[in-house]
Amino acid sequence: MRLSRYFLPVLKETPAEAQIASHRLMLRAGMIKQASAGIYSWLPMGYKVLRNIERIVHEEQARAGHIAMLMPTLQSADLWRESGRYDAYGPEMLRIRDRHERDLLFGPTNEELITDIFRGHVSSYRELPLTLYHIQWKFRDEIRPRFGVMRGREFYMKDGYTFDLDREGALHAYNRHFVSYLRTFERMGLQAIPMQAESGPIGGDTTHEFLVLADTGESEVFYDAAVTDIRMGARDIAYDDRAACQTVVDEFTALYARTDDTHEDAVFEAEVPEARRRRGRAIEVGQIFYFGTKYSEPMGATVTDPEGARVPVHMGSHGIGVSRLVGALIEAFHDEAGIIWPEGVTPFHCGIVNLRQGDAATDAACEGLYAALAAKGLEPLYDDTEERAGAKFATMDLIGLPWRITVGPRGLKAGKVELTSRRSGESEELSPEAAADRIAQIYGV
Ligand code: 5CA
């Protein structure tokens, strides 16, 4: 992409309404624009990051054997009356009436709708287990939408629903999600710690939240410092292997880690040596639930079991805050100058800065680099504008591409361009071909 032809409306001023770094930087870097309270338009660069996160989520769901689909944003109130949640959900639910006076709602979550699909098409235990998920916009009329996409009213969520014959099967589905979430967040460069939590309006008594430690997070958490040393890393898990999934879950849940809803001082003090006790703040980027027959029973989602009896299916639901992750990533990766994208989610693989636009030699070198990178399947953002060098660098630092190739007349005379890491700030001089090769190597292409 050439910056002169792109739509990147960066702001010079720091927006007064933004209280935390991610909100400020998303506005300044031209990623989002508020449409109304807690509702945002995703401008081209923000949209690219959102799509990158979504892609990683899809890939890891596929790896775990989960099946993608798409349900609508608007749902019939009647379904929610069946489960009893139409009234119970309260003012957070946006209720809508159509021209025929029928009650609809903008879905805050999809347990009812998926249960309706299931009961219409599945009737035997032989068709189980089944995990269906989608990534779709949700609406919750939060009393205090704030921090930009972190607590929106409209937000993008991956929500998956599991159907199993019995509790053991459903708990394996729960564990499968647990493991796949660890992989998903680590691929984005994030450490999300699974913690015991409350289930709230989704229900059930088995739930974990996945939390990214951050001073600006809305959740208060209590944990053993040793949990921060555990990683999934490169280990490959056979998702159908119940024991293998359970081993990972056991490892990640052995140490004390709870949100304030479930925290108990006495247990904390008994289980965690004083030097390792931590109390802090964190961003909830995902939550998984096992709630048994809470929806299947009242809604009549039953299957025949091997003995021929009709039994309600055991269900769970599993969510990832896809749009919130954009903010969480920025909270985790930024400095004074701007964002620092991890390679896994960056909107462009690298920037190309032409220090003297209009100079035949630098223009040609930049075009050459652009074409070489594109030929390798990479997408650079080429700043081909007439701005001063200082302004170009400031924009690149603000938008946070992990690598920058700077092309100037002096270096070019010696056959060199400069490759700079946004993370470390370190630069290296090398030939344009070597710079393109290095970028390709970094991204494994
Ligand atoms: N049906 C279940 C699991 S699919 C569910 O709705 N779970 S949830 O309520 O925990 O939401 C899943 C994730 O969505 C949360 O972990 C959080 O990361 C994200 N989320 C929830 N509310 C908001 C919000 N107002 N703004 C942005 N993200 C949110």
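As the structure lists them, so they are numbered: ligands from 1, and atoms in each ligand from 1.
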| field | With T207, the side chain to side chain donor-acceptor pair (under 3.5 Å) member among E198, Q287, Q196 | value | Q287
Counting from 1, what ligand 1 atoms have a heavy atom of [X] closer than 4.0 Å?
X: D159; answer: 4 (S)
X: V285; answer: 16 (O), 18 (O)
X: G286; answer: 16 (O), 18 (O)

| SB check E59 R183 (cutoff 4.0 Å) |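 Judged by the 4.0 Å cut-off on N to carboxylate O distance, E59 and R183 do not form a salt bridge.
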| request: Answer yes or no: is there an ion pair linking R119 with E82, defined by an N-O contact shorter than 4.0 Å? | output: yes
| query | Nearest protein heavy atom to atom 12 (C) of ligand 1, by residue and atom, and its distance? | reply |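 Checking every protein heavy atom, the shortest distance to atom 12 (C) of ligand 1 gives M157 CE, 3.7 Å.
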| task | Looking only at protein heavy atoms, identify the closest one to atom 13 (C) of ligand 1 and say how far it is in Å. | result | G321 N, 3.9 Å
| said: Before we go on, tell me: are the rings of Y295 and F118 under 6.0 Å apart, centre to centre? | reply: no
| said: Using the ring centroid of each side chain, check whether Y174 and Y290 are separated by less than 6.0 Å. | reply: no
| said: Which option wins on minimum heavy-atom distance to atom 2 (C) of ligand 1: S317, G319, G200? | reply: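 Going through S317, G319, G200 one by one, S317 has the nearest heavy atom to atom 2 (C) of ligand 1.
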| query | atom 8 (S) of ligand 1: which of M150, K138, E209, R140 has the nearest heavy atom? | reply | R140
| query | Among Y40, Y47, W137, which residue meets the ring-ring contact (aromatic ring centres under 6.0 Å, His included) test with Y156? | reply |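 When ring-ring contact (aromatic ring centres under 6.0 Å, His included) is applied between Y156 and each of Y40, Y47, W137, only W137 qualifies.
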